[in-house]
There are 2 protein chains.
Amino acid sequence: MDIKTKVGARLRDVRLAKKLTQEKVSFDSDIDKSYISEVENGRRNISIVNLEKLTLTLGISLKDFFNTTDFS
Amino acid sequence: MDIKTKVGARLRDVRLAKKLTQEKVSFDSDIDKSYISEVENGRRNISIVNLEKLTLTLGISLKDFFNTTDFS
DNA sequence: TAAAAAATTCACTTAAAGTCTAATAGACTA
DNA sequence: TAGTCTATTAGACTTTAAGTGAATTTTTTA
């Protein structure tokens, strides 16, 4: 699994765990919802600034975000 | 400190801990050395693909890379 | 203190990130 | 079976990251 796919899957997992919609995350993070969909599906190479925006919105630190075996 | 600065500082710390030059990392990762310099100095908004390339070259996982209080 | 090695800076092109609108589709609910 | 909610996709578009070259500056060391 490539890194874009892993990051996208992790973002979706965290979002669903918090019972948030893409639209809500889009609104709160000020990142386009169609873009969020593509990131979650592993089709976009997200920058660190936008990744931080999303993790902030999702209420998880980058440290915790990457703290899974997928990123070992 | 903004996220670009934190990531750059962390990359530099890891690189220096391994006693590598930017030129060596550039060669091994196939990323331009001037680009690496600018990333380390917080002037570039690096993407997840390039960040993974650099961490791979530096011999550290993304999990360990982000496992510092800076990213809490 | 000069030379060599390492890092920085800047200007530039091009490739892709990221936005916007709108249409589509699936899932659920009344 | 229409109506709402959610997610996906496409195309056209703007902005920005990626990537490079060359010159300059800083640091290290002979």
Side-chain angles (χ1 to χ4, degrees), chain A residues 1-68 70-71, chain B residues 1-68 70-71:
Chain A
M1 199 174 12
D2 89 346
I3 189 64
K4 292 183 290 181
T5 304
K6 286 182 197 168
V7 165
R10 179 76 170 128
L11 283 169
R12 173 162 286 164
D13 279 352
V14 174
R15 177 176 63 82
L16 293 178
K18 310 240 172 178
K19 300 199 192 299
L20 301 171
T21 64
Q22 288 179 355
E23 197 144 15
K24 165 79 169 148
V25 172
S26 169
F27 182 81
D28 291 348
S29 63
D30 202 36
I31 292 176
D32 196 77
K33 74 186 162 86
S34 69
Y35 179 70
I36 291 176
S37 172
E38 290 179 308
V39 168
E40 285 191 359
N41 287 292
R43 283 193 290 275
R44 294 288 191 153
N45 180 18
I46 196 172
S47 70
I48 192 65
V49 165
N50 272 353
L51 182 57
E52 188 197 32
K53 276 193 202 171
L54 289 179
T55 55
L56 277 172
T57 296
L58 293 173
I60 187 174
S61 67
L62 281 168
K63 175 174 173 174
D64 288 343
F65 181 83
F66 283 103
N67 188 28
T68 81
D70 270 354
F71 301 113
Chain B
M1 201 178 6
D2 89 347
I3 189 64
K4 291 184 292 181
T5 305
K6 285 184 199 167
V7 166
R10 178 76 170 127
L11 283 168
R12 173 162 288 162
D13 279 353
V14 173
R15 177 176 64 80
L16 293 177
K18 309 239 171 177
K19 300 200 192 297
L20 301 171
T21 64
Q22 288 178 356
E23 197 144 15
K24 165 78 169 147
V25 173
S26 169
F27 182 82
D28 291 348
S29 63
D30 201 36
I31 292 177
D32 197 79
K33 74 188 162 84
S34 68
Y35 180 73
I36 291 174
S37 171
E38 291 175 313
V39 169
E40 285 191 0
N41 287 292
R43 241 170 267 120
R44 296 274 191 156
N45 181 16
I46 196 172
S47 71
I48 193 64
V49 165
N50 272 353
L51 183 56
E52 189 198 32
K53 275 194 203 169
L54 289 178
T55 54
L56 276 172
T57 296
L58 293 171
I60 187 174
S61 66
L62 281 168
K63 175 173 173 176
D64 289 343
F65 181 83
F66 283 103
N67 189 27
T68 83
D70 270 355
F71 301 113

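A note on names: the letters A, B, ... follow the listed sequences, proteins ahead of strands, and every chain is numbered from 1. In this text the structure is predicted, and so the values were computed from the model without any measurement.
- The nearest whole Å value for the distance from the CZ atom in Arg12(B) to the P atom in dA7(C) is 8 Å.
- One atom, CZ of Arg43(B), and another, P of dC10(C), lie 8 Å apart when rounded to the nearest Å.
- Side-chain proximity of Arg15(A) to the nucleotides dA7(C), dA7(D), dG18(C) is greatest for dA7(D).
- Nearest to the side chain of Asp32(B), among dG18(C), dT20(D), dT9(D), sits dT20(D).
- Contacts of Ile31(B) with the nucleic acid, taken as non-hydrogen atoms under 4.0 Å apart, are absent.
- A donor-acceptor contact under 3.5 Å is not formed by the side chain of Ser34(A) with the base of dG18(C).
- Close to dG19(D), at under 4.0 Å from its OP1 or OP2, lies no side-chain N or O of Tyr35(B).
- Here dA7(D) presents its P atom at 8 Å from CD of Glu40(A), a figure rounded to the nearest Å.
- The distance between atom CD of Glu38(B) and atom P of dA18(D), rounded to the nearest whole Å, is 11 Å.
- Judged by distance alone, the side chain of Asn41(A) and the main-chain N or O of Arg43(A) form no donor-acceptor pair under 3.5 Å.
- Each of Lys24(B), Arg10(B), Gln22(B) was scored for a side chain to side chain contact (heavy atoms under 4.5 Å, CB included) with Arg15(B), with one residue passing: Gln22(B).
- The distance from atom CG of Leu11(A) to atom P of dT8(D) is 13 Å, rounded to the nearest whole Å.
- A cation-pi geometry, defined here as NZ or CZ lying under 6.0 Å from the six-membered ring centre and within 45° of its normal, does not hold between Arg44(A) and Tyr35(A).
- The residue Asp30(B) sits apart from the nucleic acid: no heavy atom pair falls under 4.0 Å.
- At distances below 3.5 Å, not a single donor-acceptor pair connects side-chain atoms of Asn67(B) with backbone N or O atoms of Lys63(B).
- When each of dA23(D), dG19(D), dA17(C) is scored by its nearest atom to the side-chain atoms of Lys33(B), the top-ranked nucleotide is dA23(D).
- Interatomic distance, Ile60(B) CD1 to Leu54(B) CG, rounded to the nearest 0.5 Å: 12.0 Å.
- Nucleic acid contact for Ser37(B): base, since at least one base atom lies under 4.0 Å from a heavy atom of the residue.
- Between atom CG of residue Asn50(A) and atom CG of residue Asn45(B) there is a gap of 7.0 Å, rounded to the nearest 0.5 Å.
- For Gln22(A), counting side-chain heavy atoms from C-beta on, the closest listed nucleotide (dA23(D), dG19(D), dT8(D)) is dT8(D).
- Look at CD1 on Ile46(B): it is 12 Å from C1' on dG19(D), rounded to the nearest Å.
- Across all strands, Ile36(B) comes closer than 4.0 Å to no nucleic acid atom at all (heavy-atom distances).
- Of the side-chain N and O atoms in Asn45(B), one or more sit less than 4.0 angstrom from OP1 or OP2 of dA17(D).
- Of the candidate nucleotides dT19(C), dA17(D), dA6(C), dA6(C) has the atom nearest to the side chain of Thr21(B).
- Spacing between atom CD of Glu23(B) and atom P of dA7(C) amounts to 8 Å, rounded to whole angstrom units.
- Nearest nucleotide to the Ser47(B) side chain, out of dA17(D), dT8(C), dG18(C): dA17(D).
- Distance from the side chain of Arg44(A) is smallest to dG18(C) among dA10(D), dG18(C), dT8(C).
- For the pair Ile48(A) CD1 and dA18(D) P, the interatomic distance rounds to 11 Å; values are reported in whole Å.
- Not one side-chain nitrogen or oxygen of Asn41(B) sits closer than 4.0 Å to the OP1 or OP2 atom of dA7(C).
- The phosphate of dG18(C) has OP1 or OP2 within less than 4.0 Å of a side-chain N or O from Asn50(A).
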